[in-house]
Structure formats: structure tokens, C-alpha cells
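Each remark here refers to the structure printed beneath this line.
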Amino acid sequence: MILPPTTIKELKERAQQIAGVTIGELANRHQANIPDDLKRQKGWQGQFIESCLGADAGNLSEPDFSKIGVELKTLPIDFSGRVVESTYISVVNISNHQGVTWDNCATKHKLEHILWVPIARNKNEALENSRIATPFLWQPSEMEANQLKQDWEEVMDLVVLGHLGQLNARMGEILQVRPKAANSRVLTDATDSEGNHSQTLPRGFYMRPQFTQGLIDRYLKR
DNA sequence: AGGTGATCATTA
DNA sequence: TAATGATCACCT
């Protein structure tokens, strides 16, 4: 176990130490085994980087580095710097949203300060050849923060009104809503538009690749 | 069951 | 081929 960083500076220094390193080299340093692929261990890279940097929030709905309020996100890119996937942020609270506002929700807290760890890989190439690019700390600008809030509130307004059928992945400029469950048969409790109990597929908030591509372009390129 | 970490796989 | 919908592993 690696102790959690107690300052932003300490986290920065740790992040800098993995810049440019391949997953294979990092696994050697930590005497960790690398899976053959991610088909059955989709979160392996993210959890591996977490353990390397000392994330301590476990599966609490709080930022990974609890003492300094920083969330860690690995960001898959290809070797030309293209973002290849969306970024999961948090669950959409469908069944227990009473009293939850943008300002007190876990989604906002996670988005307030993120350490992005871009990891480049070629599809169909061994995971050990993935290479960590330069990690960077990011905080939303005022405009970005406003847009994030708007995206979140549009979704939660539908949830509060019980208009769950209107939730879809086309909503949202930065954040979108997509299924987040073990499979499509999983159900979570909900309330429909007439106030009756119902059930629906659990959803999560994801950052659109177009947005994270903008971050990569800003931070990783000149 | 519902969070965390996400990527896979099919559709449009 | 980008985007949507589906899925996998681990943890509490």
C-alpha cells in the first residue's frame, strides 16, 4: 500500500514520476501482474494507476485523493493523441435524489479537481506497451463549470419529474447520460411522473470524448 | 444492490 | 468510425 498524498505538490511529484513510463515498466516497479487484455478487467489500468499514486477513497462517492480533494482519471488515447473513450464520472442518482443539488452532489465534487493521466496504446497491442503520457491537473473554468452544472441539472430535472423515459445519451454538452450497470436487465428503484414506484436501468454521467479531446489538445500539445 | 474502476461491441 | 448501449471485475 502506498500512502495517500497529503499535498497537491506531492501528488504532482508522484504523477511526474510515471510520465513517459510504459505500463510494463510500471508493473515491474510495483511487482504487479498485467492482464492479457482488458476484455474481462476493464478497470484494471485505472485501478493500477490509483494504487501507484496512493488513491485512498476506495469506492466511496468522493474524490480519489480524499485529503486533497482530487479525482484521478485515466484517459485512453492513441499514439497520435486522439481520445478513444468517454470518461465515466459518477452514477446518476435516480432513487435517492432528495435534497441533492449541484453544489452538494458527488458529481460536482469529483469534477472540481481532476488529475488526468493520459495513457497511449495501440488497439490490439499488448497492454504492457501502453505508455503513460504527461499527467496534468485540471480545474474547470467558469464557463466549463457553468456548462457542467447545466448538463447535470437538465438530467436531474427529468429524474425529479419522473420523466425517466426522456433520459438519453444525446442530452448534455459536456456530460452525457448512459447505462451504468452489470447488464441491461439490472433495475434500480425510481418514481414515475405520477408518483408511482417504478424501476429503471441505472445510469451514469460520462464526459464526452470531444470535451476530453479539448483538454488533451490544450495540455499535451503546444 | 449499488458504488468504484472503466472498455467492449453493436448501431447508425 | 463515432456514438450509443451493453458489459466486466472488484468492493462494501
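Since the model is a prediction, treat every value here as computed from it, not as a measurement. In what follows, every chain begins at residue 1, and chains take the letters A, B, ... in the order their sequences are listed.
- Contacts of A169(A) with the nucleic acid, taken as non-hydrogen atoms under 4.0 Å apart, involve only primed sugar atoms and P, OP1 or OP2.
- When every heavy atom of P5(A) is checked against every heavy atom of L53(A), the shortest pair comes out as CD-O, 3.6 Å.
- A sub-4.0 Å separation between OP1 or OP2 of dT4(B) and a side-chain N or O of S61(A) is present.
- A salt bridge links E144(A) with R218(A); the closest basic N to acidic carboxylate O contact falls under 4.0 Å.
- If you check every strand for non-hydrogen atoms under 4.0 Å, A57(A) touches nothing.
- Between R82(A) and dT1(C) there is no side-chain N or O to OP1 or OP2 distance below 4.0 Å.
- Each of W138(A), W116(A), F136(A) was compared with Y219(A) under the ring pair (Phe, Tyr, Trp, His ring centres under 6.0 Å) criterion, and only F136(A) meets it.
- Dashed line: the shortest gap from a side-chain N or O of R178(A) to OP1 or OP2 of dT4(C) is not under 4.0 Å.
- Of the candidates dT4(C), dG5(B), dT7(C), the closest approach to any side-chain atom of R185(A) belongs to dT7(C).
- Here P76(A) lies in heavy-atom contact (under 4.0 Å) with sugar-phosphate atoms only.
- Counting only heavy atoms from C-beta on, S86(A) has its side chain closest to dT7(B) among dT7(B), dG3(B), dC8(C).
- When the side-chain nitrogen and oxygen atoms of S184(A) are compared with OP1 and OP2 of dG5(C), none of them lie within a distance under 4.0 Å.
- Between the side chain of Y206(A) and the base of dA6(B), a donor-acceptor pair under 3.5 Å is found.
- Applying the 4.0 Å criterion to OP1 and OP2 of dT4(B), one finds that Y88(A) has a side-chain N or O inside that range.
- Atom NZ of K123(A) and atom P of dA6(B) are 17 Å apart (whole Å).
- In this model, the phosphate group of dG5(B) is not approached by any side-chain N or O of T74(A) to a distance below 4.0 Å at OP1 or OP2.
- With contacts defined as side-chain heavy-atom distances shorter than 4.5 Å, the pair F205(A)/Q176(A) does not qualify.
- Of the candidate nucleotides dT7(B), dA9(B), dA6(C), dT7(B) has the atom nearest to the side chain of Q45(A).
- Residue K180(A) places none of its side-chain N or O atoms closer than 4.0 Å to OP1 or OP2 of dT4(C).
- No N or O donor and acceptor, one from the side chain of Q47(A) and one from the base of dC10(C), sit under 3.5 Å apart.
- For dT7(C), the base has a donor-acceptor partner in the side chain of K42(A) [N/O atoms by modelled type, under 3.5 angstrom].
- Of the candidates I77(A), T212(A), I132(A), I77(A) is the only one forming a side chain to side chain contact (heavy atoms under 4.5 Å, CB included) with P118(A).
- Counting only heavy atoms from C-beta on, D64(A) has its side chain closest to dG5(B) among dG5(B), dG5(C), dT7(B).
- When heavy atoms are screened at a 4.0 angstrom cut-off, E71(A) is found touching the sugar-phosphate backbone but no base atom.
- When distances are taken from the side chain of K39(A) to each of dT4(C), dA3(C), dA9(B), the shortest belongs to dA9(B).
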